Amino acid sequence: MADADPLLILPSMPSGTLSGTAALEQLLEGLNPAQREAVLHPEGPLLILAGAGSGKTRVLTHRLAHLVYSGLPPERILAITFTNRAAREMADRVRALLGDAGWGLPWLSTFHSACARILRSCAERVGLTQSFSIYDQTDSRRLIKDLLEEEGYDPRRFPESRIQGEISAAKNRLLDAAGYRARGVEGELEEVVSRVFARYEPALLRANAVDFDDLLLHVVRLLERDDRLRDHYSRLFLHVLVDEYQDTNPVQYRLLQLLMEGRPGPRNLAVVGDDAQSIYAFRGADVRNILGFERDFPEAKVVKLEQNYRSTQLILEAANGLIVHNRRALKKRLWSDLGEGEPVYLIGLEDDRREAYYVAEELERFLEEGGSLSEAAVFYRTHALSRTFEEAFTRLGIPYRLVGALRFFERAEVKDVLAYLRLLVNPWDRLAFARAVAAPRRGVGEATVAKLGELAVLHGRSPLDLAGEAQRLEGLSGKPARGLEAFATLLRSLQERRSGGMPVAELITAVIAESGLGQALREEGVEGEARLENLDQLVGVARDRERELAGERLSLEGFLQQVSLSEGEGEEGLPEGAVTLTTLHNAKGTEFPLVFIVGLEEGLLPHFNCRGEEEVEEERRLLYVGITRAMRRLYLTYAFSRFRFGKRREDQLPSRFLEELPRGVVVDPQLDGVGVGRTQTSSFAIGERVAHDLFGPGTVCGFEGEGVVRVRFEDGAVRTLLLEYAKLRRL
DNA sequence: ACTAGCGACATTTTT
DNA sequence: TGTCGCTAGT
């Protein structure tokens, strides 16, 4: 049977490798029984419920290595991670496990990268060419805004971000424009969404472009439509592994289903996840995928990893105590034998600046104790919070690395240059055309671009193509027309060099020099200098990529794809021995001996925009993720006054989650020195609602030692009260 | 067509 | 705080 399909013939093990048993023993060394079970599970579906810090990555990488050692060709194993960073990390670790025996590596990538790769190979079948562009969220919004205006709607009444969110959510639920409408349209907003959606899809196709959602959706539709193609991929991937399964959305779920359908043998799908760490519902992720795995795959083997190897007990107890406040959870309780460790430090500060300086002080203390800055991290809910810390750290000379914030590839000048490159690859890319032609200004304005766009649609030619003969076109003349032609000439000349095999880095240099962008920036003074440096960096990135390929040529398409999927964002260039500053979302999958979670206030965590219990539960999980990153020492901080929206807010209250932390685990060292649980001796907890005979209702917001409590009342004032005299009632 | 200057307004979180 | 969009002026 197998010989009917050449893809199913398994090659024998390459010679000259370790003998099977020796390699196996090495691979299993140091794994606990549950981990071994997960690594060794031979065939059929596998659900690994892996609590935080339970050695999940270890299990995944060892399982991958084990599959390869058992003779499976690596290129027939697909391993999906949630971020490119995770994919890189895993690739490194698998490579280390496999040694230099000349094995290849499995397909290790995100859903998006994997689908981009698949889609490249059969783009024509969905009406795209192989060199389609990938639109990020900003691009997609811009396009939607154009369409909104074309439809005569006011983008202020119907914000494009809102519309984009709705469309994306629909796509994540496998709905196209027709499906969205068919589902029933209620209210004005949905009507607008429906109309724009119907125009958005063809607009993308005309631009020979896809958005992030399309990468997956196109592939799913293709596999649904075409049995042969589906069989090809479902037979190609003998084993599929998915990390962070709790964060998969319906499209991703469908994709996995399709890959499991129609295969001759067992359904070799191994998923790893933790429902307590599901923090991407806002992006369409559906925890039910992991909760329902056993229903979908009744023959599934389930392995629970509950021993935590990362954190000391008190930290874990804080995490456990917090997460039980969520209603829906798979039963599992993390434990650790790393000893009780230090309590969790809960610190309230006067304002955000003091919060930053407090963190800095404690960092210095950590250094004096022999720690290093690279072992420490600061987590916050929103990027906006990073600034105060950056300022404080800069002033104090503490090196830091900022992860994920205003991304390099999203800077205006970088996007300008990328627009040129995108246009070289895909002349139909309407957004790239509009961007490049306007950077720098060359006498071609918005009106001209719009006009040209219309003509392009009318003639069925690309905007770039038409630009070359602008002076002959109706309605175009003078400076705009000459500008367009000059632009077209420039691109033709770049195009020639590109087809002549000019390396990407040199091509970028040429764009900067010949477009006039470099010139324009040089004339801009200090800020322009900084931007020019960014462009130099872009050249550097391309050079690095080229070097990584070691001899193989980096294609412009490949470079652009990496950039669009944020793959290029390496850790290179970031200082070693620096504190990590990052969002709680970005913290997932990391661990640090010393962790600060800052800005733990109502409105920040949970965030204002959270309405309803479901969303609050997701915020709680977010804090849970943060807490479980900490190995040895954890600080939770909040401030009563914070600079936000350009104004100082004096009425910040500690997050409700803080009061949910179990008593006896948390301590406030500013108040009562050492001693677990002392904070709670006042019998009130931070965040608790109380009433005072004179001042009325208020919220406990801090302590000043034994029997002294600080309460913020509804008139906004914070009063320090002696419990002995003030008859506070619990509300 | 384009720029400077001004006021309004915003912030989740990511592939 | 910083970005974005609008207006008026060149």
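In what follows, chains carry the letters A, B, and so on, assigned in the order in which the sequence lines appear, proteins first and then strands, with residues in each chain numbered from 1. If you're wondering where the values come from, they're calculated on a predicted model, not measured in any experiment.
- Classification of the A:F487-A:F433 ring pair by plane angle, with boundaries at 30° and 60°, yields perpendicular.
- Not one N or O on the side chain of A:H218 forms a donor-acceptor pair closer than 3.5 Å with the backbone of A:V126.
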Atom pairs under 3.5 Å, N or O on each side, protein against nucleotides 8-11 of chain B: can you list them with distances?
unit_1	atom_1	unit_2	atom_2	d
B:dA10	N6	A:F645	O	3.1

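- Under the 4.0 Å criterion applied to side-chain N and carboxylate O atoms, A:D352 and A:R644 are not assigned as salt-bridge partners.
- Salt-bridge annotation for A:E601 and A:R656: absent, with no side-chain N of the basic residue lying under 4.0 Å from a carboxylate O of the acidic one.
- The residue among A:E615 and A:V449 whose nearest nucleotide of DNA chain B is located toward the 5' end is A:V449.
- Atom OH in A:Y280 sits roughly 11 Å away from atom P in B:dT13 (whole-Å rounding).
- The pair A:D136-A:R142 does not count as a salt bridge, with every side-chain nitrogen at least 4.0 angstrom from each carboxylate oxygen.
- Of all nucleotides in DNA chain C, those with any atom nearer than 4.0 Å to a heavy atom of chain A start and finish, going 5' to 3', at C:dT1 to C:dG5.
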Under 3.5 Å, which protein N or O atoms sit close to an N or O of nucleotides 3-6 of chain B? Give each pair with its distance.
unit_1	atom_1	unit_2	atom_2	d
B:dT3	OP2	A:R441	NE	3.3

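- Between A:R621 and A:E618 there is a salt bridge, with a side-chain nitrogen of the basic residue lying less than 4.0 Å from a carboxylate oxygen of the acidic one.
- Contact annotation for A:F82: backbone-only contact, meaning every heavy-atom pair under 4.0 Å involves sugar-phosphate atoms and none involves a base.
- Counting to the nearest Å, the C1' atom of B:dT14 and the CD atom of A:Q252 are 12 Å from each other.
- The CD-P distance, from A:E619 to B:dT13, rounds to 11 Å in whole Å.
- For the C1' atom pair drawn from C:dC4 and B:dT13, the interatomic distance equals 22 Å after rounding to whole Å.
- Ranked by how close their nearest DNA chain B nucleotide is to the 5' end, A:H112 and A:T448 are led by A:T448.
- The closest donor-acceptor contact from the side chain of A:N289 to the backbone of A:T248 lies under 3.5 Å.
- The nearest whole Å value for the distance from the CZ atom in A:F608 to the C1' atom in B:dT13 is 15 Å.
- Computed from coordinates, the A:D247 CG to B:dT13 P distance equals 16 Å when rounded to whole Å.
- Residue contacts for A:E618: at a heavy-atom cut-off of 4.0 Å it reaches no nucleic acid atom on any strand shown.
- For A:Q561 and B:dT15, the CD to P distance is 15 Å, given to the nearest whole Å.
- Below 30°, between 30° and 60°, or above 60°: for A:F237 and A:W107 the angle between ring planes is above 60°, a perpendicular geometry.
- Within the 4.0 Å cut-off from OP1 or OP2 of B:dT14, not a single side-chain nitrogen or oxygen of A:T83 is found.
- Summarising the local packing, CZ of A:R120 is surrounded by more than 12 heavy atoms from other residues, nucleotides or ligands at distances under 6.0 Å.
- Here A:D351 does not pair with A:R649 in a salt bridge; the nearest charged N to carboxylate O distance is not below 4.0 Å.
- Among the atoms of the strands shown, none is found under 4.0 Å from any heavy atom of A:K588.
- Salt-bridge check for A:K588 with A:E244: passed, with a basic side-chain N closer than 4.0 Å to an acidic carboxylate O.
- Between A:I597 atom CD1 and B:dT13 atom P there is a gap of 17 Å when expressed in whole angstrom units.
- The distance from atom CG of A:D213 to atom C1' of B:dT15 is 9 Å, rounded to the nearest whole Å.
- Counting non-hydrogen atoms under 4.0 angstrom, A:F111 reaches nothing in the nucleic acid.
- In this structure, the nucleotide among B:dT13, B:dT15, B:dA1 sitting nearest to the side chain of A:F282 is B:dT13.
- Enclosure of atom CZ in A:R162 is not indicated, since only 12 or fewer non-hydrogen atoms of other residues, nucleotides or ligands lie within 6.0 angstrom.
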